[in-house]
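The structure displayed is predicted, hence computed values, not measured ones. Chain letters run A, B, ... following the sequence lines, proteins first and then strands; every chain starts at 1.
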Amino acid sequence: MPELPEVETTRRGIEPHLVARVITSIIIRQPKLRWLIPEHITSTYPGQQIVTVNRRGKYILLTTKNHQAISSTLLFHLGMSGSLRIVGQSDLPGRHDHVDFVLDNNKRLRFHDPRRFGSLLECPAHQPHSHHLLSQLGPEPLSDEFSGEYLYDRSRNRKLSVKNFLMDSHVVVGLGNIYAAEALFHAGIHPFREAGNISLKRYTILAQQIKKVIDYAIQQGGTTLRDFVNATGKPGYFQQQLNVYGRENQPCVQCHAPIRKLKQSQRSTWYCPRCQH
DNA sequence: CAACCGCCCTGGGAGC
DNA sequence: TGCTCCCAGGGCGGTT
């Protein structure tokens, strides 16, 4: 389940194979992802050169230019089970390999997504960030804009739980169920606590822990639970650092109390009943 | 506006 | 062994 660290790991993995390459053809085997893949990309992108591979939140933005230096941007979201990998010519597509971008060195960028919660869309040519999926996104957690003060200000008068608040991409991008639970553990904050009722002091600690956990997970190549593999098909190693996620009834690494699992907004959450309050 | 809920989808695991 | 059921989850879009 790719959250920000897994998407960034993917971006770093594919970027060196893509920049300056020309797209030869695009093969769409299954256009029905979260949204329909626009069919015209199979005719408009061949011949275009890839200029940059960027990330915004959990989205990967692939920008190209044509001979007249007019640019376009493709927007990828990996959903829950998506991956982008570089494969060779002889690497035959399997089930759920929905799209191939064939490159001028005969390698391919392959979009695989069993659950099809991912997406592949096109952005406006000159201002990709004005796309409706990007324009309302909150700050990057590793940016200076994201701070305890920011979280404190944004959460005033909000009644929802702090965990749901953190998982709202309009508040901050990139945090899913895993990293939200882990960051709250490190900050000692109970996931059910009301967002609008947490002090600036505690939000300052929380913002620091979010940055720390995201940064460290990127260094570890992300978390692999079931599906995630990086651009070369290798798993990440951050799952070895998980303190609460998926650890119900196992002892807390700090106090040895059994970790609890509860449903929160139809989603599981894990926490230490002694360390988090 | 905020909060909530349904929905999109498949694979893996548990239970029978 | 094979069936059924449940769960995992991001985030949009509609409703309250």
Side-chain angles (χ1 to χ4, degrees), chain A residues 1-10 28-37 55-61 75-84 93-99 111-121 123 130-141 151 153-184 191-198 214 217 222-229 235-236 238-239 242 244-249 261-270:
Chain A
M1 42 212 78
E3 301 181 31
L4 191 154
E6 292 75 41
V7 177
E8 179 60 18
T9 297
T10 297
I28 301 175
R29 302 184 188 87
Q30 169 56 277
K32 290 180 182 172
L33 302 186
R34 173 74 198 269
W35 293 287
L36 203 63
I37 300 172
R55 181 188 58 74
R56 175 75 175 100
K58 297 177 186 172
Y59 292 93
I60 287 176
L61 288 80
L75 188 62
F76 295 82
H77 195 293
L78 302 180
M80 289 207 32
S81 58
S83 64
L84 283 167
R95 193 164 146 78
H96 310 306
D97 286 335
H98 304 313
V99 189
F111 191 3
H112 173 87
D113 186 8
R115 273 165 271 187
R116 290 198 264 136
F117 274 28
S119 53
L120 169 50
L121 296 170
C123 286
S130 68
H131 190 278
H132 73 281
L133 292 175
L134 303 180
S135 61
Q136 303 300 315
L137 293 177
E140 292 285 327
L151 283 177
D153 290 344
R154 281 296 301 266
S155 62
R156 290 312 89 184
N157 301 319
R158 296 292 301 271
K159 300 287 182 194
L160 80 175
S161 72
V162 63
K163 178 148 175 283
N164 287 346
F165 177 66
L166 291 181
M167 287 174 64
D168 181 351
S169 63
H170 304 108
V171 173
V172 56
V173 295
L175 293 177
N177 211 21
I178 298 173
Y179 295 108
E182 292 297 310
L184 286 167
F192 284 68
R193 185 169 276 274
E194 191 176 303
N197 201 16
I198 292 174
I214 292 286
T223 299
T224 296
L225 293 177
R226 293 178 189 84
D227 305 319
F228 178 70
V229 288
F238 188 77
Q239 69 277 15
L242 297 178
V244 287
Y245 184 90
R247 294 194 65 241
E248 66 268 27
N249 299 323
K261 176 188 180 181
L262 283 177
K263 283 279 178 190
Q264 185 171 21
S265 305
Q266 292 152 310
R267 199 149 290 180
S268 292
T269 199
W270 290 265

query: If you check the A:Lys58 side chain, which of B:dA3, C:dG11, C:dG13 turns out closest?
result: C:dG11
task: Mind calculating the distance between CG (A:Leu121) and P (C:dG10) to the nearest angstrom?
output: 19 Å
message: Just so I know, are the side chains of A:Pro93 and A:Arg29 near enough to count as touching, which here means a heavy-atom distance under 4.5 Å?
response: yes
Polar-atom pairs under 3.5 Å, protein N or O versus N or O of nucleotides 6-10 of chain B: list them with distances, or write none.
from: B:dG6; atom 1: OP2; to: A:Gln266; atom 2: NE2; distance (Å): 3.4
from: B:dC9; atom 1: O4'; to: A:Arg115; atom 2: O; distance (Å): 3.4
from: B:dC9; atom 1: O3'; to: A:Arg116; atom 2: NH2; distance (Å): 3.3
from: B:dT10; atom 1: OP1; to: A:Arg116; atom 2: NH2; distance (Å): 2.6
from: B:dT10; atom 1: O4'; to: A:Pro114; atom 2: O; distance (Å): 3.4
from: B:dT10; atom 1: O3'; to: A:His96; atom 2: NE2; distance (Å): 3.4

query: Please give, in whole Å, the distance from B:dA14 P to A:Glu248 CD?
result: 12 Å
message: If I take atom CD in residue A:Glu194 and atom P in nucleotide B:dC4, what distance separates them, rounded to the nearest angstrom?
response: 10 Å
Of the listed nucleotides B:dA2, C:dG11, C:dG13, the one nearest the side chain of A:Arg158: B:dA2
- prompt: Can you tell if the side chain of A:Leu4 reaches within under 4.5 Å of the side chain of A:Arg55, non-hydrogen atoms only?
  reply: yes
query: How close or far is atom C1' of C:dC7 from atom CD1 of A:Ile178, stated in whole angstroms?
result: 14 Å
message: Measuring to OP1 and OP2 of C:dG11, would you say a side-chain N or O of A:His77 lies under 4.0 angstrom away?
response: yes
field: Partner residues of A:His170 under the side-chain hydrogen bond (donor to acceptor under 3.5 Å, both in side chains) criterion, sequence neighbours left out
entry: A:Asp168
- request: Rounded to 10°, tell me the angle between the two end axes of the helix from B:dA2-C:dT16 to B:dC16-C:dG2, each built from five pairs.
  value: 50°
N/O contacts under 3.5 Å, protein versus nucleotides 14-16 of chain C?
none

field: Set of residues satisfying side-chain hydrogen bond (donor to acceptor under 3.5 Å, both in side chains) with respect to A:Asn197, sequence neighbours excluded
entry: none
task: Apply side chain to side chain contact (heavy atoms under 4.5 Å, CB included) to A:Ser135 and list each qualifying residue two or more places apart in sequence or on a separate chain.
output: none
statement: Sorted by chain and number, sequence neighbours left out, side chain to side chain contact (heavy atoms under 4.5 Å, CB included) with A:Lys263 holds for A:Ser268
- prompt: Nearest-Å distance, CZ (A:Arg156) to C1' (B:dA2)?
  reply: 16 Å
query: For A:Lys163, which residues count as a side-chain hydrogen bond (donor to acceptor under 3.5 Å, both in side chains) partner, sequence neighbours excluded?
result: A:Asn177, A:Thr269
field: Heavy-atom side-chain contact between A:His98 and A:His112 under 4.5 Å
entry: no
message: For a 4.5 angstrom cut-off between non-hydrogen side-chain atoms, does A:Arg34 reach A:His77?
response: no
field: side chain to side chain contact (heavy atoms under 4.5 Å, CB included) partners of A:Ile28, counting only residues at least two apart
entry: A:Ile26, A:Pro31, A:Ile37, A:Ile41, A:Thr42, A:Val99
query: Can you tell me if the side-chain N/O atoms of A:Ser268 get under 4.0 Å from OP1 or OP2 in C:dA8?
result: yes
field: Distance, rounded to the nearest Å, where A:His131 contributes NE2 and C:dC12 contributes C1'
entry: 12 Å
- prompt: Residues in side-chain hydrogen bond (donor to acceptor under 3.5 Å, both in side chains) with A:Arg56, at least two apart?
  reply: A:Glu140
- prompt: Is there side-chain contact between A:Tyr59 and A:Leu134, with at least one heavy-atom pair below 4.5 Å?
  reply: yes
query: Going by heavy atoms closer than 4.0 Å, what residues in residues 160-177 of chain A are next to DNA chain C?
result: A:Met167, A:His170, A:Gly176, A:Asn177
message: Quick check on C:dA8: is either OP1 or OP2 less than 4.0 Å from any side-chain nitrogen or oxygen of A:Lys261?
response: yes
- request: Would you mind reading off the distance between A:Gln264 atom CD and C:dA8 atom C1', rounded to a whole angstrom?
  value: 16 Å
- prompt: Would you say A:His96 and A:Asp113 make side-chain contact, with heavy atoms under 4.5 Å?
  reply: no
- prompt: OP1, OP2 of C:dA8 versus side-chain N and O of A:Lys263: anything below 4.0 Å?
  reply: yes
- request: List in chain and number order the residues that pass ring pair (Phe, Tyr, Trp, His ring centres under 6.0 Å) with A:Phe76, two or more places apart in sequence or in another chain; answer none if no residue qualifies.
  value: A:Phe101, A:Phe111
- prompt: Between A:His132 (NE2) and C:dC12 (P), how many Å, whole number?
  reply: 7 Å
